[in-house]
Protein chains: 2
Amino acid sequence: MSEPLSALMAISSALGRFNKKMDRVLSVHGISFTDFQVLEQLAQSPNQVMSRIELAEATNLTASGITRLLLPMEKVHLVEKEKNNRDARVSLVKLTTTGNEVYQNALVTSQNFSDNTMQYLTAKQVEQLRVLVGKLS
Amino acid sequence: MSEPLSALMAISSALGRFNKKMDRVLSVHGISFTDFQVLEQLAQSPNQVMSRIELAEATNLTASGITRLLLPMEKVHLVEKEKNNRDARVSLVKLTTTGNEVYQNALVTSQNFSDNTMQYLTAKQVEQLRVLVGKLS
DNA sequence: GATCAAAACTTGAATAATCAAGCTTTGATC
DNA sequence: GATCAAAGCTTGATTATTCAAGTTTTGATC
């Protein structure tokens, strides 16, 4: 097996484990890792508003997947629908106050868990890892 | 957002993309990336035989997930069941000749794709990436 | 040799995500 | 201003996966 494939399989496996653990630690906030990624994206964006297509792109989900992921999040008022006056096709997703609170709490949990996951790496190595991963096409 | 969390989110996203692309490129062989991981594990193991529990561990799936993943693979004869004479609880999974052929072909495809994914990394960087990921706990 | 907790599954029910098809709206072109 | 391809969704059907519960078998302990 070539080194690149072998390396990618190992990384994929390690990240698979990480994703599942994230799901478990975030479950105390009543959200999945994917939910967290959505909250994260919204919290980061200018007016805490994004279109479903933008969210799909950011989370590696399909438009369909986003529609279905958001349904329960809307039901518990983490996010809410908003119209785009310039384009009626677009259904905007806005972070609510509740959503932001849950995000802030989940952020602390996620950071603690991530710090722990990377405890055997120096700050420089973390940066290096990020740079190397950034080179993947 | 802390650096470790930010880095892990970026890596997770990059690997999410990679996994989906792998699924797409492997679909020409009629298998998913998860199927490939199973074939890979079996091909690598001593007698091309493993228990379901070992496969579950190696693929980050549950025992239940493995049972259901293998059903269609058994149906198209990529793998077959075998008894463990020492322990009747165990249901062994054996790579068939057909399975090995599909694996060899899929391996070429996977390697090409992986080489391409890592084309902007030197051999040393690939190795470095693997070492850094290996430090994640 | 009986008892019993734990291991290695399988199965039913539920959740997560996809794909393909369809709907509405947009923006460009005639 | 009509036409039409493409964008931005939503929905039905399907696949992938999980969890919880149940089954059989094992191995240790009494």
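Residue numbers start from 1 in every chain, and the chains themselves are labelled A, B, ... in the order their sequence lines are given, proteins ahead of strands.
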Self-check item: Rounded distance in Å - CZ (Arg24(B)) to C1' (dC19(C))
Solution: 13 Å
Exercise. Starting at CG of Leu136(B), measure out to CD of Gln119(A) and round the result to the nearest 0.5 Å.
Key: 10.5 Å
Quiz prompt | Counterpart base for dT24(D), defined by Watson-Crick or G-U wobble contacts under 3.5 Å | solution = dA7(C)
Exercise. Summarise how protein sits on nucleotides 9-18 of chain C as a single string, 5' to 3': B when a protein heavy atom is under 4.0 Å from the base, S for sugar-phosphate-only contact, - for no contact.
Key: SBBBB---SB
Self-check item: Atom-pair distance (CE on Met73(B); P on dT15(D)), nearest Å
Solution: 17 Å
Practice problem: Grab the CG-P distance between Asn85(B) and dT25(D) for me, whole Å please. | Solution: 14 Å
Quiz item: Residues in side-chain contact (heavy atoms from CB on, under 4.5 Å) with Glu57(A), at least two apart?
Solution: none
Self-check item: Identified pairing partner of dA16(C), criterion: Watson-Crick or G-U wobble below 3.5 Å
Solution: dT15(D)
Practice problem: Measure from NZ on Lys83(B) to C1' on dT24(D) and round the result to the nearest Å. | Solution: 13 Å
Quiz item: Is the backbone N or O of Gln111(B) less than 3.5 Å from a side-chain atom of Ser2(A), with the two atoms forming a donor-acceptor pair by type?
Solution: no
Exercise. Measure the acute angle between the ring planes of Phe18(A) and Phe33(A), then classify it against the limits of 30° and 60° as parallel, tilted or perpendicular.
Key: perpendicular
Quiz item: What is the distance, rounded to the nearest whole Å, between atom CZ of Arg86(A) and atom P of dG8(D)?
Solution: 15 Å
Self-check item: Spacing of Leu78(B) atom CG and Lys94(B) atom NZ [to the nearest 0.5 Å]
Solution: 14.0 Å
Quiz prompt | Members sharing Val49(B)'s hydrophobic cluster (side chains within less than 4.5 Å) | solution = Val90(B), Leu92(B)
Exercise. Measure from CG on Leu55(A) to P on dG8(D) and round the result to the nearest Å.
Key: 13 Å
Quiz item: Rounded to whole angstrom units, what separation is found between the CG atom of Asn84(A) and the P atom of dT26(C)?
Solution: 9 Å
Exercise. Let me know the distance between CE of Met50(A) and C1' of dC9(D), rounded to the nearest Å.
Key: 16 Å
